[in-house]
Amino acid sequence: METRLCRCDQEGISEAARILRDGGLVALPTETVYGLAANALNESAVREIFAVKGRPQDNPLIVHISDLSMWEPLVREIPPQAIRLARAFWPGPMTVILPKSDLVPMTTTAGMDTVAVRMPLHEGARAVIQACGLPLAAPSANLSGSPSPTSAQHCVKDLWGKIPLILDGGESSVGIESTVISLVGKPTLLRPGGISPEQLEAALGEPVAISHAVTEPLAPGERPTSPGMKYRHYAPKARMVLVESDLNGFLRLLEAGGEGTWGLVFDGEERMTRRPCLTYGREHHPEEQARELFAALRTFDEKGAQLIYARCPDHDGAALGVYNRMLRAAAFEVIKG
C-alpha cells in the first residue's frame with residue numbers, strides 16, 4: 001500500500017476525512033500519543049485497526065469525539081459524574097467508560113458492553129473528527145506492544161506501507177496515553193495518564209478507587225477492561241529492568257552490566273557513568289518524563305540495546321502514569337534496594 005505523509009493542515013485534514021468516511025485508516029496526532037484512527041461504527045474498519053497493529057482482539061479501543069453532542073448516541077446515559085468530569089477535563093487527556101449503546105459495535109469494545117470515550121485536546125485531531133462527522137476509534141498508531149508514537153516519524157517507522165495516510169501534527173505535548181476512569185459502579189481509575197487521581201477526585205467531589213492492574217499484572221484469565229492493561233506493553237525490544245534504589249546503588253548496578261547494557265536515567269545523571277545512557281526528563285518532574293519516555297524507549301531499539309536498567313520515577317500523583325508505563329515496559333521486573 002502507498003502511504004502519504006501530510007501536514008495536519010486543511011488539505012491533510014480534508015484528505016484524512018475522505019479516507020475515514022470511505023472506511024480507511026489514518027494515523028493522526030493527539031496531545032497524548034498519535035492514534036491509528038478509523039470509523040468507530042464501521043466493524044470492517046475497526047477490524048483493520050486490529051489487523052494492522054497486530055492488536056489482541058480482547059483489547060478494547062477508545063472512541064474519540066470532537067464535541068459533547070457526539071457522546072450521547074454512543075452510551076446508554078450520561079450520569080452527572082460524567083458531566084462533571086467532561087466539564088473539568090475535556091477536551092483533554094481523559095477517557096470515560098460508560099455502558100455502551102447499541103450503536104457501538106462489539107468489535108470496537110472487544111466484546112464488552114461498555115465503551116471508552118474521550119475528546120482530544122489536539123486541534124488537528126478534533127478538526128479531523130469534525131470534518132468526517134464520525135466518532136473515531138483510535139488506539140496508539142504503532143505495532144502492538146511496542147513504545148507508543150509521539151511523533152509522525154514514529155508512525156512512519158511502524159506503519160509505512162500499511163495505511164494510506166499519516167498526518168504530521170508535531171510532537172505530542174503530553175506523551176503518554178490518556179487517563180481512563182470507569183463510571184460503571186463506583187469511580188475507578190483503570191489507567192493513569194495526564195490527569196492525576198487527585199484531579200479526578202477534586203472534579204468529582206468523591207473518592208476514586210485505583211484498579212490493582214495499575215501497578216500489578218492482570219491475573220491469569222482476567223480480561224482487560226481498558227487499553228494499556230496487558231502484561232508487557234509499551235516495551236522496547238531489549239529486556240528492561242526498573243530499579244528502585246538511590247542513585248549510587250543504581251550506578252553500581254549499571255556499571256556491573258555486560259556488553260549491550262544501557263541506562264535510562266534522569267537528566268544530568270548520564271554524566272555520572274561510563275555506561276551509555278538515555279535520559280527521560282528531570283527527577284520529580286513527571287510531565288517532562290511523560291513527554292520523553294516513549295521516544296527514549298524507541299531510541300534504545302535503534303541503538304541495539306540488549307539490557308536496560310531504568311531509574312524508577314515517583315509512584316503517585318502525576319507520576320503514576322509514567323510509573324505504570326515503565327512497569328509494563330519492564331514486564332514488572334523490578335529490582336529494589
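Heavy atoms only: backbone and side chains are in, while hydrogens, waters and symmetry mates are out. Residues: numbered from 1 along the sequence shown.
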Practice task
Looking only at non-hydrogen atoms, find the nearest pair between Leu264 and Phe250 and report the distance.
Solution key: O-CZ, 4.2 Å
Exercise for the section: Check whether Trp160 and Val33 end up in the same hydrophobic cluster, where Ile, Leu, Val, Met, Phe, Trp and Tyr are linked by side-chain heavy atoms less than 4.5 Å apart. Expected result: no
Problem - hydrophobic_cluster_shared for Ile62 and Leu143, side chain cutoff 4.5 Å - result: no
Handout entry: Closest non-hydrogen atom pair between Thr3 and Gly161, with its separation
Key = OG1-N, 2.7 Å
Problem - Minimum heavy-atom distance Gly35-Ala141, with the two atoms named - result: C-CB, 3.5 Å
Handout entry: Test item: Asp301 side-chain N/O and Lys237 main-chain N/O as donor-acceptor pair under 3.5 Å
Key = yes
Problem - Sidechain-backbone polar pair: His122 side chain, Gly169 backbone, donor-acceptor under 3.5 Å - result: yes
Problem - Polar side-chain atom of Asp168 near backbone of Cys6 as donor-acceptor pair, under 3.5 Å - result: no
Practice task
Treat each ILVMFWY residue as a node, draw an edge where side-chain heavy atoms are under 4.5 Å apart, and state whether Tyr234 and Trp262 are in one component.
Solution key: yes
Handout entry: Heavy-atom pair with the smallest gap, counting every atom of Thr95 and Ala116
Key = CG2-CB, 3.5 Å
Practice task
Identify whether Leu20 and Ile166 are in the same connected component of the hydrophobic contact network (ILVMFWY, side-chain heavy atoms under 4.5 Å).
Solution key: no
Problem - Side-chain donor-acceptor contact under 3.5 Å, Glu270 with Thr279 - result: no
Practice task
Spell out, yes or no, whether Leu74 and Leu183 are grouped together once hydrophobic residues are joined by side-chain heavy atoms under 4.5 Å, including indirect joins.
Solution key: yes
Exercise for the section: Give a yes-or-no answer on whether the side chains of Ser178 and Arg191 include a donor-acceptor pair shorter than 3.5 Å. Expected result: yes
Practice task
Would you please test Val117 and Val96 for side-chain contact (heavy atoms from CB on, under 4.5 Å) and show each step?
Solution key: CA-CA 5 Å; Val117 178; Val96 178; 5.8 Å; no
Under 3.5 Å, side-chain donor or acceptor atoms of residues 81-91 against the rest of the protein: list the pairs with distances, not counting sequence neighbours.
| from | atom 1 | to | atom 2 | distance (Å) |
| --- | --- | --- | --- | --- |
| Gln81 | NE2 | Glu206 | OE2 | 2.9 |
| Trp90 | NE1 | Met94 | O | 2.8 |

Exercise for the section: Ignoring hydrogens and angles, tell me if any N or O in the side chain of Asn324 forms a donor-acceptor pair with the backbone of Val214 under 3.5 Å. Expected result: yes
Handout entry: Arg118 and Thr32 side chains, donor-acceptor separation under 3.5 Å
Key = yes
Exercise for the section: Would you tell me whether Ser14 and Gln10 have side-chain atoms, one donor and one acceptor, within less than 3.5 Å of each other? Expected result: yes
Fill in the blank from the handout: Tightest non-hydrogen contact, residues Leu121 and Glu31, listed as N-OE1, 2.9 Å
Practice task
Mind checking side chain to side chain contact (heavy atoms under 4.5 Å, CB included) for Thr114 and listing every partner two or more places apart, or none if nothing turns up?
Solution key: Ile97, Met112, Val184
